[in-house]
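Here is how names work: the chains are called A, B, and so on, in the same order as the sequence lines, proteins then strands, and each is numbered from 1. Because the structure is a prediction, the values reported are computed rather than measured.
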Amino acid sequence: MTATAPSRAVAAPEDVQLKVGGAFSLGKLSEGRILALAAAAAPSDTEDPTDFAVAEALDVRRPDLVVSPADPADVDPATPERRYSVSMVRDFPLKDDATTDIVIMRGALDAVLNKVKISRKNRSLVRRNADWAAKRGWRALAVATALVGEGDTVGEFRLQGFVHVGIEGVSTGLESTGPANWVEVPVWSLSLRFQHWANVATIFTLSCSGYFIMHPFFGPEAHAGEDAGFLMGWVRFIHFAAAAFWVVLGITRVVSAFVARDPHLRWTEWWPLKRKEDVRNLGRVVQHYALIKEEAPVYLAHNPLQQLTYAALYCACGLQMITGFALFGLYHQGNWIWALAATPCNWFGIPTVRMFHTGMMFALWMFVVMHVYLAVRADSLDRHGGISSMINGNVWLRRGAKPVDAPEVG
Amino acid sequence: MSYTLDGWQEPTLGENLARAGVERRDFIKYCSSLAALFAASPALLGSGTRASADDLDGDEVAETLAAVTKPNVVWLQLQECTGCVESALRSGGTTVEEVLLNLLSVNYNEAVMAAAGAAANDALDKTNEQPHVLVVNGSIPVKDGGIYCSMGGKSAETVLRESAKNATAILAVGACAVWGSVQGSNPNPTGAVGVDQIIKDKPVINVSGCPPIAEVITATIAYILTHGTTPKTDAQGRPLFAYDQRIHDSCPRRPHFDAGQYVRSFDDEGARSGWCLYEMGCKGPSTFSACPIIQWNMHTSWPVGAGHPCIGCTEKHFFDLYTPFYRALPNVTGLGIEATAEQVGWGLLGLTVAGVAAHAGATAIRHHAAKKAEDKEPLEAFGDPQPGDEPAAEPEPPDEVTAVEPPAEADAGEGEEV
């Protein structure tokens, strides 16, 4: 890959700068050492922009690794028919200040793969990584090495990895993961994250025990003389205990919605439509989810559709508590509090309340399916770290992004 | 026990009972059970302030009840099946309850009175003019001018209104009189309604059930006679002393429920072992009644005791709300099919998963297409085929690689540090 055929060596226009976006290492070499190998293979009189880009990348990333380019006499340049170069590098620096003579093969991945000894597993792994990089605009510049033995005999070539080469100015999505372009923004307070996971655990417990109460699909078989146990009793105890905890959790959430300092905890988060623009943004978000629009307005916290959904979710959970207490209260009709709690049973009939309570459980499950899917989807498409933010509280946004619900990022 | 009855001849109920041969011992026993039923009600105990009228013990009930002078009773049977009267009269032989009931001077009752035709109507009219206790069996059909049930040329509604006018207490006995029962269920072709939907200016005690337990009927009457007031009722107008507990909570099969031992089909080992009928659709957890405690026919048995799930007959609209009787939850209608809530729930969940999968697939396709559309073709590299190029010949291997033998130390693995 040298400038033997300048008109075809680099097909990019003259004003285009090449860049190197790191390296993929197949074995134990660090990215920096792969770059060093690629840089060392270049002849000292090179005019190839690829060589300059590799040398610059090495200088920026690993200034401690100083390699001298190969003697032009030791370089067998690539040709259109043989798309890799072979360079003899003398006194290549090793880790422990030792040096060695090696032969470096550098060039198109396919061509290099044909010439190296590589296991099938590694061949597939390298191809996958190269394909992935190619989709993002990177060309894989393969680097293979062979040791030089007694009397300048060359051993078998081993593939060490490849270097990402791309065009400056074309976004590839790889360079943007650097801390310079993305900003970590704290969004979710510790109390909200606790609320979330406590709700997950409680709703899971309530669903499992509640499903069993609806339909006790397993239980002891008929055997004489066996301790009957207290299966349904324990399941109901778990259900009622978890329900009590859930109510406390719900009350603290509602209280915090009115006293919290954090805007993401406040009740205004449950009603997104405060301005006309919010309604339009809601429409844009809906179109985005309906795969009609590619881009959706950027929200740091919840978008309007999420806010409405979560408001409905809070109502659904509230109804679940109310109907749960209505059914629980049937046991204590002598007590006016429980008689009051059971009032919905007098309005709709006890079986209707039971069915509503059951149906709401299934509705919550449907929500969970969609919720988990959309969370994973958003995180993988927007790459904002939404899933990790459920634990550490922080999302990642591009510097300069202007969320609708927050100041400019950065 | 058997007693001979000659109707009301002595001034008070006590003297009439003595004349009929009811021993004071039996009477006190009966009254004690009534007192226990009235006063031991957790609803009244739980309220903390026990009403003074409920502090009666058996002797007081006996004294009060014995001193009652000829209470007149009109016992109407409207749109119904007579099952309630059968329940009240055939409560397992001649009991004190029955004697008491007969001595109440039931001046008018279609099933048991001797009079017929104009004489019967006269008896009704005369009793209606005095203060009396009104007991109603059966619903009142109000559709089409009430033509679906009439007596002596009067519609059931007119008969009821006339009898209710001077009534001191009104008892709606049985599911029909309480809310309409089977004929009042969807689609209710005769427009059948309960007593409290017609008589709104007086309190109506709903002794619900299909039929109610005989002892609960007589206890309610005895309560009114002894206390002079109507008993405390729940939200459905049922006397709390008999309807304050769910069947489920005093069911003798309840330990099997708690142990998770359920009858899964009517012929399985669990059914033979007398296990809980919850999985067979027992409505005990949704039904308020004293059935497990009082039972039927002199404490002989009751539905769940006989191995059949409770159908919830003491609850309003049980034919509409508590069906299907053999399933735990109502069916979900309106989807063209009738399915259990569980089936519908799982079905909707499956649809959700399918929808999510479809959306994920569409997202992936669009994402892929967007990536392709963007100008992110890899940098053209040295040696890429150019338009118009001849296919490149198979490249010759370089001399360096083929010419030399690998040295011994070149056996190091891939990725060796160099």
Side-chain angles (χ1 to χ4, degrees), chain A residues 1 9 11-12 26-29 76 78 80-83 86 95 102 108 115 134-137 139 145 147 149-150 153-156 158 160 165-167 215-216 219-220 222 228-233 291 330-331 333-335 346 349-352 354-355 358-359 362 365-366 369-370 373 377, chain B residues 42-43 45-47 234-236 244 246 249 257-262 269-270 273 279 286 315 317 321-322 328-330 341-342 345 348-349 352-353 356 360 362-363 366-367 370-371 376 378-383 392-393 395-398 400-401 404-407 409-410 414-418:
Chain A
M1 193 156 279
L26 183 62
K28 293 204 174 84
L29 294 188
D76 183 13
E81 286 73 38
R82 203 202 66 196
R83 294 162 61 191
V86 178
K95 236 180 183 176
I102 55 166
K115 294 298 164 200
K135 277 183 192 153
R136 284 151 182 81
R139 164 73 65 178
T145 58
L147 292 174
E150 295 284 327
T153 52
V154 177
E156 261 184 314
R158 310 259 176 184
Q160 299 292 354
V165 183
I167 302 171
H215 176 41
F230 198 55
L231 177 63
M232 180 59 97
L291 303 176
L330 293 174
Y331 180 59
Q333 282 301 281
N335 181 312
N346 295 323
I350 299 166
T352 315
R354 278 188 203 286
M355 190 149 88
T358 306
F362 280 107
W365 291 7
M366 286 188 268
V369 168
M370 291 188 277
Y373 162 66
R377 180 184 188 273
Chain B
L45 292 174
S47 66
D234 68 1
Q236 289 192 23
D244 65 332
R246 280 185 302 182
D249 294 328
F257 173 85
D258 287 332
Q261 296 176 315
Y262 301 103
E269 194 57 38
S273 306
E279 280 281 85
S286 303
E315 297 293 320
H317 306 291
L321 296 177
Y322 284 59
L329 284 174
E342 204 178 333
L348 287 175
L349 197 65
T352 310
V353 172
V356 160
T363 303
R366 282 185 66 99
H367 194 62
K371 278 273 176 235
K376 284 187 182 172
L379 173 66
E380 196 177 357
F382 179 67
E396 287 294 314
E400 295 95 323
V401 178
V404 295
E405 287 298 310
E409 61 267 40
E414 281 161 358
E416 184 206 3
E417 187 75 37
V418 292

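Proximity to chain A involves both the backbone and the side chain of B:E342, based on heavy atoms less than 4.5 angstrom apart. Contacts of A:R377 with chain B are made by side-chain atoms alone, with heavy-atom separations under 4.5 Å and no backbone atom involved. Contact annotation for B:Y322: both backbone and side-chain heavy atoms come within less than 4.5 Å of a heavy atom of chain A.
Counting only heavy atoms from C-beta outward, the side chains of B:E279 and A:H215 approach each other to under 4.5 Å.
B:A235 and A:N346 make their closest contact through CB-ND2, 3.1 Å (heavy atoms, listed as atom of the first residue, atom of the second, distance). Here the closest heavy-atom approach between residue B:S286 and residue A:R354 is recorded as OG-NE, 2.8 Å. Residues A:M355 and B:P330 come closest through the heavy atom pair SD-O, 3.3 Å. For A:G229 against B:A259, the heavy-atom pair with the smallest separation is O-CB, 3.3 Å.
Heavy atoms of other residues, nucleotides or ligands lying less than 6.0 angstrom from OH of A:Y331 number 12 at most.
Rounding to the nearest 0.5 Å gives a distance of 6.5 Å between CE of A:M366 and CG of B:L349. Note that the CD atom of A:Q333 and the CG atom of B:D244 stand 9.0 Å from one another [nearest 0.5 Å]. Atom CG of A:L330 and atom CZ of B:R246 lie 5.0 Å apart (nearest 0.5 Å).
When the candidates A:G219, A:P351, A:G233 are compared by the number of heavy-atom contacts under 4.5 Å with chain B, A:P351 comes out ahead.
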